[in-house]
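Quick caveat: nothing in here was measured; it's all calculated off a predicted structure.
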Amino acid sequence: MTTYTERNRKPLKLKLLPLGAVAAAIISTSTMAHQFDARSYAMGGVGASSADYLTAPFHNPALAAKYEQDDDIALLFPSIGADANDPTDIIQNVEDFSDIYDEFKGMSNPTEADAQKVIDQLKLVQGDYAQVQAGTHLALAIPNDLVSVNVFAQAYADALVFADITDEDLVPENIIKQDLSSQALTMGVVVSEFGVSLAKSYKLPTATIYYGVSPKYQNVKTINYISDIENYKFDDWDDDRYQSDDNNFNVDLGIAYQHNAGFGVALAAKNVIKNSYNTQIIKGVQGQYEVSPTYTLSGNYQNHLLTAAIDIQLNESEGYKGITGTSNNYDAEADNRQFAALGVEFFPDSWFKLRAGYQTDLTNNTDDSITAGLGFSPFDVFHFDLSARYADSKDMGAALQTRFTF
C-alpha cells in the first residue's frame with residue numbers, strides 16, 4: 001500500500017483543480033496561501049503590517065484605519081490570481097493513460113507485454129499530486145476618524161487531483177481481463193467570504209496603535225469528483241452530485257503598532273472560529289476539509305523611498321484533515337502550510353513602484369519561491385498592479401489588480 005507523499009514529499013500539497021476549472025469556479029462565485037492581493041503577492045505575500053487601508057481585510061483588519069489625511073474612498077475591483085504546480089505532469093499522464101488503455105482494449109489477443117505497457121502508465125501516476133489555487137478579491141474602503149469601514153468580498157479555491165491506483169491493477173493477468181479498479185479524483189473546496197472590516201486608531205506621542213475586527217459570512221463548497229481512471233474527465237467536477245454547500249460566520253482580528261520613526265509590528269488572526277466540512281461520499285470515498293485559525297506576526301520599516309516587511313505565520317494552516325475510502329493512504333499533513341516571507345517595495349516616483357519578495361514554507365511541503373511585480377498609479381487615481389511568483393518551471397503563479405482612489 002502506497003502513501004501519497006512517499007514518492008514526492010514536496011509535490012503539490014492538497015490543492016488542485018485544473019487551472020481553467022478553478023478560475024471558472026472562482027469567477028462564478030464572485031491567509032497567506034490564499035492571498036492574491038497583487039501588491040502583497042509581489043512582495044512574497046507579506047501584508048499583516050504593511051498592507052494599505054484598501055487591502056487590509058485580506059491581511060489585518062486593523063490596517064483599515066491606517067490612512068493618510070488626504071486619503072478618501074477607495075475601490076479594489078478586481079484582484080485576481082492563480083498558482084499552478086504539476087511537478088510530475090500527472091494531468092497529462094492520466095490523459096495519456098486513457099489513450100493507451102483504449103488502444104489495449106482494441107487488441108484482439110493482448111499479451112502480458114502489452115499489459116505491462118498499461119501497468120507502466122499506471123505506475124507513472126501512482127502517488128502523484130497536481131495543484132492549483134486561485135482567488136479573487138473586491139473591497140470598498142471608507143476611512144473615517146470615528147471608525148474606518150472596509151466592505152469586502154473574496155473567494156479562493158483549494159483542490160487536489162490524484163490517481164488512486166490499486167495493487168490489483170498492477171498485475172498483468174488482471175489487466176488482460178480488462179477489469180480495472182483504479183480511480184482518479186478531484187477533491188477540492190471553494191470558499192467565498194463577504195464581510196466588513198471595522199478599525200480604529202489611537203495616537204501616542206511617538207506612535208500610533210491600530211486595532212480592528214472583520215466579521216464575515218462564509219460559504220464553503222466542497223467537491224469530491226471520482227471516476228474510473230479510464231473514464232476520468234477533468235471538466236466533470238462541477239456536477240452538483242459531487243458537491244455540497246455549507247454556510248457559517250467567522251471573524252478575523254488584528255492589531256498593529258507603527259512608530260513615527262518608520263518601524264512597526266503587527267499581529268493578525270484569521271478565521272478565529274474553526275470549522276470542518278465533509279464532502280459528499282462518492283464510491284465510498286469522503287474527505288474532511290478544515291478552515292482553522294492562523295496567526296501571523298509581522299514587522300516593517302517604511303520611509304519616503306521604500307517599504308520593507310517580514311511576515312511569519314506562527315502556526316500551520318490545515319486543509320484536508322483526511323480522505324477515507326481510498327485504496328492508498330492519504331497523508332493528512334501533506335497540505336499543511338506555514339509561510340514566512342520577506343518583501344520590499346521601492347517607489348522612486350509617485351506613479352511607479354517596484355516590488356520583490358521571497359517566500360518559504362516552514363513545513364517543507366512546498367518549494368521556496370521568489371516574487372516580483374510592478375505598480376503604476378498615474379494621477380494617483382487609477383492604480384494597476386501586476387506580479388508573478390516562481391519556484392521552478394512547473395510551479396509558478398501570477399496576480400493582477402486594479403484599484404481606484406478618490
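Under the rule for a salt bridge (charged side-chain N to carboxylate O under 4.0 Å, His left out), the partners of Asp252 that lie at least two apart in sequence or sit in another chain are Lys216, Lys270. Residues meeting the side-chain hydrogen bond (donor to acceptor under 3.5 Å, both in side chains) test with Ser387, sequence neighbours left out: none. With sequence neighbours excluded, no residue forms a ring pair (Phe, Tyr, Trp, His ring centres under 6.0 Å) with Tyr53. Residues satisfying the ring pair (Phe, Tyr, Trp, His ring centres under 6.0 Å) criterion with Tyr390, sequence neighbours excluded, are absent altogether. Applying the side-chain hydrogen bond (donor to acceptor under 3.5 Å, both in side chains) rule to Ser148 yields no partners; only residues at least two apart in sequence or on another chain are considered. With sequence neighbours excluded, no residue satisfies ring pair (Phe, Tyr, Trp, His ring centres under 6.0 Å) with Phe346.
In summary, the side chains of Ser181 and Thr166 do present a donor paired with an acceptor at a separation below 3.5 Å, with no hydrogens or angles considered. With 3.5 Å as the limit, one finds no donor-acceptor pair spanning the side chains of His383 and Gln401. In this structure, a donor-acceptor pair under 3.5 Å is present between the side chains of Thr360 and Asp368. Of the N and O atoms on the side chains of Asn271 and Gln218, at least one donor lies less than 3.5 Å from an acceptor on the other residue. Between the side chains of Tyr289 and Asn224, no donor N or O sits under 3.5 Å from an acceptor N or O. Side-chain contact check for Gln258 and Asn300: at least one donor-acceptor pair (N or O, by modelled atom type) lies under 3.5 Å. When only modelled atom types and interatomic distance are considered, Thr366 and Asp361 share a side-chain donor-acceptor pair under 3.5 Å. Looking at Glu193 and Gln154, their side chains do bring a donor and an acceptor atom within 3.5 Å of each other. One side chain, Asp52 or Thr55, offers a donor N or O that lies under 3.5 Å from an acceptor on the other.
Side-chain atoms of Leu374 and Phe352, non-hydrogen and from C-beta on, do get closer than 4.5 Å to each other. Between Ile229 and Ile165, some side-chain heavy-atom pair lies under the 4.5 Å cut-off. When side chains are defined from C-beta on, Phe104 counts as touching Ile175, because their heavy atoms get closer than 4.5 Å.
Expressed to the nearest 0.5 Å, how far OG1 of Thr222 lies from CG of Asp246 amounts to 8.5 Å. A distance of 14.0 Å separates NZ of Lys283 from OG1 of Thr326, quoted to the nearest 0.5 Å. The distance from atom CZ of Arg389 to atom CG of Asp395, rounded to the nearest 0.5 Å, is 4.5 Å. Here the straight-line distance linking atom CG of Leu306 with atom NZ of Lys353 works out to 12.5 Å at 0.5 Å rounding. In this structure, OG on Ser327 lies 4.5 Å from CG on Asp164, to the nearest 0.5 angstrom. Here CE of Met187 is found 8.5 Å from CD of Gln286. Values are rounded to the nearest 0.5 Å.
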- Item | Steps toward side-chain hydrogen bond (donor to acceptor under 3.5 Å, both in side chains) verdict (Asp169, Ser182) | CA-CA 7 Å; Asp169 288 347; Ser182 296; 2.6 Å; yes
- Please walk me through it: do Lys394 and Asp89 pass salt bridge (Lys or Arg N to Asp or Glu O under 4.0 Å)? CA-CA 9 Å; Lys394 296 181 180 180; Asp89 292 323; 3.0 Å; yes
- Derivation and outcome, side chain to side chain contact (heavy atoms under 4.5 Å, CB included), residues Phe58 and Gln35: CA-CA 7 Å; Phe58 315 119; Gln35 199 49 253; 3.4 Å; yes
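Heavy-atom contacts from other residues, nucleotides or ligands closer than 6.0 Å to CD1 of Ile273 number more than 12. More than 12 heavy atoms of other residues, nucleotides or ligands shown are found within 6.0 angstrom of NZ on Lys105.
Checking side-chain atoms of Gln338 against main-chain N and O of Gln313 turns up a donor-acceptor pair under 3.5 Å. In terms of modelled atom types and a separation under 3.5 Å, the side chain of Ser298 and the main chain of Ser49 share a donor-acceptor contact. Using a distance-only test at 3.5 Å, with no hydrogens or angles considered, a donor-acceptor pair links the side chain of Ser317 to the main chain of Arg337. Between the Thr405 side chain and the Asp71 main chain, no donor and acceptor come within less than 3.5 Å of each other. Under the 3.5 Å distance criterion, the side-chain polar atoms of Asp86 are matched with a main-chain donor or acceptor of Ile90. At least one donor-acceptor pair closer than 3.5 Å links the side chain of Ser40 to the backbone N or O of Val46. Using a distance-only test at 3.5 Å, with no hydrogens or angles considered, no donor-acceptor pair links the side chain of Thr136 to the main chain of Ile80.
Considering every non-hydrogen atom in both Asp311 and Gly47, the closest pair reads OD2-N, 2.9 Å. A pairwise comparison of heavy atoms in Gly212 and Pro61 identifies O-CG, 3.8 Å as the closest pair. Smallest separation of non-hydrogen atoms from Gly44 and Ala341: O-CB, 3.1 Å. Of all the heavy atoms in Arg241 and Ile282, the pair that sits closest is O-CD1, 3.7 Å. Considering every non-hydrogen atom in both Thr307 and Ser50, the closest pair reads CG2-CB, 4.2 Å. The two residues Ser276 and Gln288 make their nearest non-hydrogen contact at CB-NE2, 4.1 Å.
Considering Tyr225, Phe162, Tyr101, Phe97 as possible partners of Tyr232, the one that fulfils the ring pair (Phe, Tyr, Trp, His ring centres under 6.0 Å) test is Tyr225. Partner of Phe382 under the ring pair (Phe, Tyr, Trp, His ring centres under 6.0 Å) criterion, out of Phe376, Phe404, Phe406: Phe404 alone. Under the side-chain contact (heavy atoms from CB on, under 4.5 Å) rule, Val285 has a single partner from Thr324, Thr279, Ile226, which is Ile226.
Note: Tyr41 and Phe36 meet the aromatic proximity criterion, with ring centroids under 6.0 Å apart.
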